[in-house]
Protein chains: 2
Amino acid sequence: MASDTVKHQILTAAGSVFADHGFKSATVREICKSASVNVAAVNYYFGDKQQLYLETVRLAHRLKTERLPMPKWPDSVSPKEQLHQYVHVMLQRMLGEQDLWQTRLMMREVMRPTDACRSLVEDYFRPQFERLLKIVDQLVPNPVSEEKSHQLAFSVIGQCFFYLAARDTVPMMITEEEMKTHFAIDELANHIANFAFAAISSSGIGGDESGSSRQNNRQQSNTAKAKNVP
Amino acid sequence: MASDTVKHQILTAAGSVFADHGFKSATVREICKSASVNVAAVNYYFGDKQQLYLETVRLAHRLKTERLPMPKWPDSVSPKEQLHQYVHVMLQRMLGEQDLWQTRLMMREVMRPTDACRSLVEDYFRPQFERLLKIVDQLVPNPVSEEKSHQLAFSVIGQCFFYLAARDTVPMMITEEEMKTHFAIDELANHIANFAFAAISSSGIGGDESGSSRQNNRQQSNTAKAKNVP
DNA sequence: AATAGTTTCAAACAGTTGTTTAAACTCGGG
DNA sequence: CCCGAGTTTAAACAACTGTTTGAAACTATT
């Protein structure tokens, strides 16, 4: 049965094309050409384009977690080091050279969710998010509210996600040399982990900051003088 | 001469459709239907779909900066307050209720640049980026290298950008109530500004560690400036 | 070698795409 | 009144879309 290998061939080709063009703009003809199979193969093996897309997204998430599993840390590893490794793995998944289509495809789902997104959120993003929350809660000096934990976690994720989303735009802002030397995965992981660690460590000690009671948002009027003193 | 109003009508309709579906997937038929004009109007007034797209992106950037200009701060305003206002305006631009298509369209250009992107970067993103760099340089306790400034600035932008890109996914991770109370624009601005302030303030004093011990960036000799080699 | 089941293929189908065309309409100035 | 430049319209065009089809090619068991 070569059928399995053909299916896999189509899936990876489809992953690349879907990641590049999105579901609607991607054509089954381009996918089949890239996979070196006949146009009818997609319908023969997957039923229709939509089903192929769903299986492609599932494969993307599966491959990414298999190749780069998030480590299970013993208690001996400091929360700070856990944060650093977490960020590093996340950046590797997002920016790692090979099989970039997998994260690009998932990025598309984040930005414009389709039917494939719900299971992606529950099976992939939420568990990862929960792990980050645990790290954050260990890092924060005083216990904080759940919402604050969420904000802190999103700040970590956001910094990483940015370099995936703006992958082609960031190089337009800085020199090629700088890109290579200071924005490679290792350097970025160091920066983001340190940045987040400093912020989280000092979080919740200065008093309630997010108070800034509901005051109107004309940029003219001074926005919420942050009342806490550094 | 209704021609000007018709052109504007098509432009705003196109902006919305392009922001929703992207250039390729958006159809001129849907645009024209949304603008209540004949299908041929796009070609009559703009030549072709591509030209319409370019003018739409230009309009998006122009409208967004006109409605929400970045304030010019007198020296009396503290850098911390400048940072806060900067973040607040950025979030307002990105998440502000009305005319959301404008930022969604620019977001698409960031993630998958087309021909329209180069001018967008130079005319819109770079000036904004430079202003943020100035704030960051005021906030950092000791002078840091140019690359470090860039990293810090990107960390601020990334946190904001995330809530635009993941606009539909974040609500799947938290409750609706939490979304309304702790992830509205004002609350997010407070959090991100405080988060970034804490991180930047402690940047360049603690010393870096974290895993791969690059003995790299402490205030490097100033600016290994751009040399522009092709 | 013959058969039955599976896989591949070129061709065709119906619908959509951007764009063109030529006729119809609008409306202020002669 | 009609004119004619500017505008709008329905219809048509060729190219492309996902999908179907029926026969050919292939594989494996008898």
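Computed over heavy atoms, backbone and side chain alike; hydrogens, waters and symmetry mates excluded. Proteins come first, then strands; the chains are lettered A, B, ... in the order of their sequence lines, and each starts at number 1. Every value quoted in this text rests on a predicted model; they were computed, and no experiment measured them.
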How many whole angstroms separate atom [atom1] of [X] from atom [atom2] of [N]?
{"X": "Lys49(B)", "N": "dT19(C)", "atom1": "NZ", "atom2": "P", "answer": "8 Å"}
{"X": "Phe46(A)", "N": "dT7(C)", "atom1": "CZ", "atom2": "P", "answer": "13 Å"}
{"X": "Lys24(B)", "N": "dT17(C)", "atom1": "NZ", "atom2": "C1'", "answer": "10 Å"}
{"X": "Phe18(B)", "N": "dT17(C)", "atom1": "CZ", "atom2": "P", "answer": "13 Å"}
{"X": "Gln9(B)", "N": "dT7(D)", "atom1": "CD", "atom2": "P", "answer": "14 Å"}
{"X": "Glu30(B)", "N": "dT17(C)", "atom1": "CD", "atom2": "P", "answer": "9 Å"}
{"X": "Asn43(B)", "N": "dT9(D)", "atom1": "CG", "atom2": "P", "answer": "14 Å"}
{"X": "Lys33(A)", "N": "dG18(D)", "atom1": "NZ", "atom2": "P", "answer": "14 Å"}

Check your understanding: Under 4.0 Å between a side-chain N/O of Tyr44(B) and OP1 or OP2 of dT7(D), yes or no?
Key ->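 Yes, because at least one side-chain N or O of Tyr44(B) sits under 4.0 Å from OP1 or OP2 of dT7(D).
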
Check your understanding: So, is Asn38(A) near the phosphate of dA10(C), with a side-chain N or O under 4.0 Å from OP1 or OP2?
Key -> yes

Exercise for review: Give me the one residue out of Phe129(A), Phe162(A), Phe125(A), Phe161(A) that meets ring pair (Phe, Tyr, Trp, His ring centres under 6.0 Å) with Phe154(A).
Suggested key: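 That would be Phe129(A); it is the only one of Phe129(A), Phe162(A), Phe125(A), Phe161(A) passing the ring pair (Phe, Tyr, Trp, His ring centres under 6.0 Å) with Phe154(A).
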
Exercise for review: Among dT7(C), dT17(C), dT19(D), find the nucleotide with the atom closest to the side chain of Tyr45(A).
Suggested key: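 Looking only at side-chain atoms, Tyr45(A) lies closest to dT7(C).
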
Study note, to complete from the structure: Closest to the side chain of Val39(B), out of dA12(C), dT19(C), dT20(D), is dT19(C)

Practice item. Give a yes or no on whether a salt bridge exists between Lys180(B) and Glu176(B), defined as a side-chain N under 4.0 angstrom from a carboxylate O. Key: yes

Check your understanding: Any ion pair linking Asp168(B) and Arg104(B) (charged N to carboxylate O, less than 4.0 Å)?
Key -> yes

Study note, to complete from the structure: The residue, Arg29(A) or Asp48(B), whose nearest nucleotide of DNA chain C is more 5′ is Arg29(A)

**Study point:** Student check: side-chain heavy atoms of Leu139(A) and Leu83(A) closer than 4.5 Å
**Key:**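 A side-chain contact under 4.5 Å exists here.
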
Review point. When we call it a touch if two heavy atoms are under 4.0 Å apart, what does Ala40(B) touch: a base, just sugar-phosphate, or nothing?
Key: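 Base, at least one base heavy atom under 4.0 Å.
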
